[in-house]
Amino acid sequence: MNLNLSSQIVLNKVPTELFRPRNAVERSELTRQEKIDTEIFPSMEEGVRSIADVIEQTIKEKTRQGQQCIIGLGTGLSLTPVFKELIRRNRKGLSFEEVVVFNAYEYFPLTPTTKNSAIQQLRDRFLNHIDIKEENIHTLDGSIAQEKVWEHCRDYEQLINTSGGIDIMLLSIGRMGNIATNEPGSVLSSTSRIILIDNTTREEMTLSFGNNEKVPPCSITMGISTILKAQKVFMVGWGEEKAEIIRKTVEEKMTDAIPASFLQVHQDAHAVIDLSAASRLTRIIHPWLVTSCNWTDKLVRSALVWLCQTIHKPLLKLTNKDYNENGLSELLALYGSAYNANIKVFNDLQHTITGWPGGKPDADDTYRPERAAPYPKRVIVFSPHPDDDVISMGGTIRRLVQQGHDVHIAYETSGNIAVGDEEVTRFMHFINGFNQLFGNNADEVIRNKYQEIKQFLRQKKEGDFDSRDVLILKGLIRRGEARTACTFNHIPADHVHFLDLPFYESGKIEKLPMSEEDVCIVQNLLNEVRPHQVYVAGDLADPHGTHRKCTDAVLAALQEEKQKNTEWLHDCRIWMYRGAWAEWEIENIEMCVPMSPEELRAKRNAILKHASQMESAPFLGNDERLFWQRAEDRNRSTAKLYDDLGLACYEAMEAFVEYKLS
C-alpha cells in the first residue's frame, strides 16, 4: 500500500531538461538568474541521497587521509530525512567514529525544566543512532549565564578553528530565509552570538518540539561568517511551502533581509531542493525567459496569464508586439498570430467556470468541468480538520446541496489539539451550571469530572500535554462546531462523519505516522457511500503536515479500490481544493465555482460557526488574518484574476483541480 501518493501529485509536468540540463552550456543558459548552485531533484528522496553520497565520500576520503571529518549541523525538520539516510548507511557499514559534529545553534536561555533543546533534538533524530564518539559532539551552551555568552561564543569559534574548520555545513532554510537562527537583519560579518528569535521562526521551531512548550525567546547561533568559512555548504528545502523563499534566496540580490542569500558569495554552496520547492524558480515557472520551450496547453496558459499580468492587459487585447517584446515569439510561430493563441486560452479558462459543480443535469457537458450524469450525485467532502471544508469550499458545498446532490462531509481528524484551554473551561462551566440548575447538582459524574478537569487545568504548566479527558472535551467542542456548520449548510446529521483517524491522536503537535489503519477507515466510508464525486485537500502546506497525511489516506484508499476494480470508482471523479493555506495557480485550475456576495457571506457565516478557531485558536500560522478573512481574500483574488484577464466578473470564486488515479 502506497501511503505517500501526495508526493506524486504533479500539476505541471516539468521537462527533465529544465532541472537536469544535459551539458554545461544548457545549465549556464537555464540558471542564468540563479546566484547559488541549485540542484533540483524530482523527489525529496533523490535529493537526500545526493547529499548523503557527498557526506559519505567526504568521510571516507578524510579517513583515508588519517583526518577527522568536521560537520556542522542544523536541526530543522527538513534535515530529518538526511539524518535517516545517514543512519541507514551507518548500519550498512559507514563509520562515524572519525566524524566531529558542531551543533549550529542552541536555544537560550535553557533552564533545568526546559524539555527541549536543539542538541537533544539532534541526538534524538541522528546522533544517538550512529557510532559517533561522545567527545566528538560539540554544542553551544544554552544554559550559560548571559554575561558569559560572548566569551563562550569566541571559545566555540576557536574550537571550530583548532579542529581544522568545518568540512560540510548542513542546514535547512527557514520560512524567513534564516539559516541556523540567523534572523533577517543578520549581517555578512556576523560571528557566533546571541540573537532574538523572530516570532515566525519560533512558531516553525515549535513543530520540532512536538509539544506545546514555547520556544525560548533567543538562541546562540553560529554567525553568517562562521557558516561561510565551511568548505562546503548544503542548504535544503522541500515542498511547496519553501518555494517562494527559495526563489528569493537563489535569484534575488543578496540582502540581510534574507540571511540565506549570503550563500551567494560562497564558492561551494548548494541549494538542494525537490521540484515542489523549485516551483517558483524562473526556469521552472517561466522557462520561456531562459530557454526554448515544449509548449503544452498548461504552459501556454501560464505564459499568457503571466504576460497579461506583466503588461496589465486582458487576454483578448494582447498583440503580436506584446508577444515579441516579452520573450514569447515562439507562440506566434506556433499559433500563427496573437489572436489565435489569445482566443484558445480565453476559451480554456471560460470552460473552467461553472455554477454547477456537480454537473448540470440534461445539459451538453462537452465543455463543462463536470459531467451531467448521473444526477443527483453522491458526494463526499473529506476535511482534514473540522473546519477545512467550509474554509476551502463552503460556497461549493452549499451549491451542491441546493442543486439536489447527496452530500456527505467526512472530518478526518478530531482537531482536538487546536482548541485553547479557555474553551474547555467555558464548556465545563456550562455543564456544571446545567447540572446545578436543572439537576439539583445530582449528577455525580459531572461534579467529580468538573473538579478533576478544573484541577488539571489549574496545575497545567506550559508545554504539558493534555490529559485524555481534556482531549476528549476539546474534540467534542470541535464536533459540536462542525455539526452546527453542517446544519447551517443543510447537511443531514447522518451525512456528517467523524473518522478520528488514529495517526492524529498522539496528543502532541508531532503526529504518529499515517498507517494502513487510517486508510481502512477511509475505505469503509467510501464503500458505504459509493460516491460519484470526492473532494480532498490539495492544500498540503499546512504547518503541521496534517493535510498531507489526510490526503495520503484518502488517495491510498482510492488506489486500493482501483486495484480491486471496484465498480463505483469507474464513475467517480476526485477534485482537490485549497483555501486555508494557499490557492491554486490559474494555469492549473480545472473547475472554478463563482459566488455572489450573498453566497460569500453565507460561507463566512459557516466558517464563524467554528468559534474555537477564531482569535483564540492556537495554530493560526504566520498569517495574521483569521481563517474566514484568508478564505474571502483568496476567493476574491481568484475572481479578480479572472476579471483582469477579461472573463466574467464575480464577487468571489472557489477553484479546484482534478486528481486522476494512476
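All values below come from the heavy atoms of this structure, side chains included, with hydrogens, waters and symmetry mates left out. By convention here, the first residue in the shown sequence is residue 1.
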Handout entry: Glu567 atom CD: more than 12 heavy-atom contacts under 6.0 Å
Key =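 Open.
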Problem - Asp494, CG atom: more than 12 neighbouring heavy atoms under 6.0 Å - result: yes
Handout entry: Exercise: identify the closest heavy-atom pair between Lys242 and Ile173
Key =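 Closest pair (atom of Lys242, atom of Ile173, distance): NZ-O, 2.8 Å.
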Handout entry: For the student: nearest non-hydrogen atoms of Gly239 and Asp274, plus distance
Key = N-OD1, 3.1 Å
Any [X] side-chain heavy atom under 4.5 Å of [Y] side chain:
{"X": "Met576", "Y": "Trp584", "value": "yes"}
{"X": "Val593", "Y": "Met653", "value": "no"}
{"X": "Cys592", "Y": "Thr638", "value": "yes"}
{"X": "Pro594", "Y": "Tyr642", "value": "no"}
{"X": "Ile472", "Y": "Arg468", "value": "yes"}
{"X": "Val407", "Y": "His495", "value": "no"}
{"X": "Phe498", "Y": "Arg483", "value": "yes"}
{"X": "Leu473", "Y": "Val470", "value": "no"}

Handout entry: Intermediate values then yes/no, side chain to side chain contact (heavy atoms under 4.5 Å, CB included), Leu526 and Phe382
Key = CA-CA 11 Å; Leu526 287 168; Phe382 284 97; 4.0 Å; yes
Exercise for the section: Look at the aromatic rings of Tyr367 and His351 and report parallel, tilted or perpendicular, splitting at 30° and 60°. Expected result: parallel
Practice task
Answer yes when Glu46 and Arg20 have at least one side-chain N-carboxylate O distance shorter than 4.0 Å, and no when they do not.
Solution key: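 A salt bridge links Glu46 with Arg20.
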Exercise for the section: Inspect the contact between Glu370 and Lys360 and indicate whether a charged nitrogen and a carboxylate oxygen are less than 4.0 angstrom apart. Expected result: no
Handout entry: Chi angles and distances behind the salt bridge (Lys or Arg N to Asp or Glu O under 4.0 Å) call for Asp469, Lys474
Key = CA-CA 9 Å; Asp469 288 341; Lys474 289 183 175 181; over 6 Å; no
Exercise for the section: Could you please spell out the steps behind the side chain to side chain donor-acceptor pair (under 3.5 Å) verdict for Asp124 and Gln120? Expected result: CA-CA 6 Å; Asp124 292 343; Gln120 189 58 50; 2.8 Å; yes
If we count only N and O atoms by modelled type, under 3.5 Å, do the side chains of [X] and [Y] hold a donor and an acceptor together?
{"X": "Glu505", "Y": "Ser414", "result": "yes"}
{"X": "Glu632", "Y": "Asn635", "result": "no"}
{"X": "Asp388", "Y": "His547", "result": "yes"}
{"X": "Ser276", "Y": "Glu240", "result": "no"}
{"X": "Glu412", "Y": "Ser383", "result": "no"}

Problem - salt bridge (Lys or Arg N to Asp or Glu O under 4.0 Å) between Asp348 and Arg301, intermediate numbers included - result: CA-CA 8 Å; Asp348 286 349; Arg301 189 197 290 191; 5.2 Å; no
Handout entry: Output field: ring centroids Phe41/Phe19 closer than 6.0 Å
Key = no
Practice task
Given side chain to side chain donor-acceptor pair (under 3.5 Å), test Ser637 with Glu583 step by step and report yes or no.
Solution key: CA-CA 9 Å; Ser637 293; Glu583 186 53 279; over 6 Å; no
Practice task
Might you work through the ring-ring contact (aromatic ring centres under 6.0 Å, His included) test for His532 and His405, ending with a clear yes or no?
Solution key: CA-CA 10 Å; His532 302 104; His405 298 287; 9.2 Å; no
By salt bridge (Lys or Arg N to Asp or Glu O under 4.0 Å), which residues pair with [X], not counting sequence neighbours?
{"X": "Arg530", "value": "none"}
{"X": "Glu244", "value": "Arg247, Arg280"}
{"X": "Arg398", "value": "none"}
{"X": "Glu517", "value": "none"}

Problem - Test log, rule side chain to side chain donor-acceptor pair (under 3.5 Å), inputs Asn347 and Gln350 - result: CA-CA 5 Å; Asn347 287 335; Gln350 185 68 43; over 6 Å; no
Problem - Stepwise salt bridge (Lys or Arg N to Asp or Glu O under 4.0 Å) check, Lys660 with Glu658 - result: CA-CA 6 Å; Lys660 291 182 172 64; Glu658 186 177 1; 3.3 Å; yes
Exercise for the section: Walk me through it: do Tyr504 and Asp518 pass the test side chain to side chain contact (heavy atoms under 4.5 Å, CB included)? Expected result: CA-CA 10 Å; Tyr504 187 86; Asp518 302 288; over 6 Å; no
Practice task
Test Gln523 against every option in Glu528, Glu561, Glu516 by the side chain to side chain donor-acceptor pair (under 3.5 Å) rule and name the one that passes.
Solution key: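 The passing option is Glu561.
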Problem - Under the side-chain hydrogen bond (donor to acceptor under 3.5 Å, both in side chains) test, residues paired with Arg89 that sit two or more places apart - result: Asp53, Glu56, Glu85
Practice task
Give the intermediate values and the outcome of side chain to side chain donor-acceptor pair (under 3.5 Å) for residues Asn605 and Trp628.
Solution key: CA-CA 9 Å; Asn605 289 337; Trp628 70 266; over 6 Å; no
Practice task
With sequence neighbours left out, write down each residue that passes side-chain contact (heavy atoms from CB on, under 4.5 Å) with Pro386, or none if nothing qualifies.
Solution key: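 Tyr411, Arg478, Ala482.
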Exercise for the section: Kindly determine whether Arg625 and Asp633 satisfy salt bridge (Lys or Arg N to Asp or Glu O under 4.0 Å), including the steps that lead there. Expected result: CA-CA 10 Å; Arg625 298 171 298 175; Asp633 288 348; 2.9 Å; yes
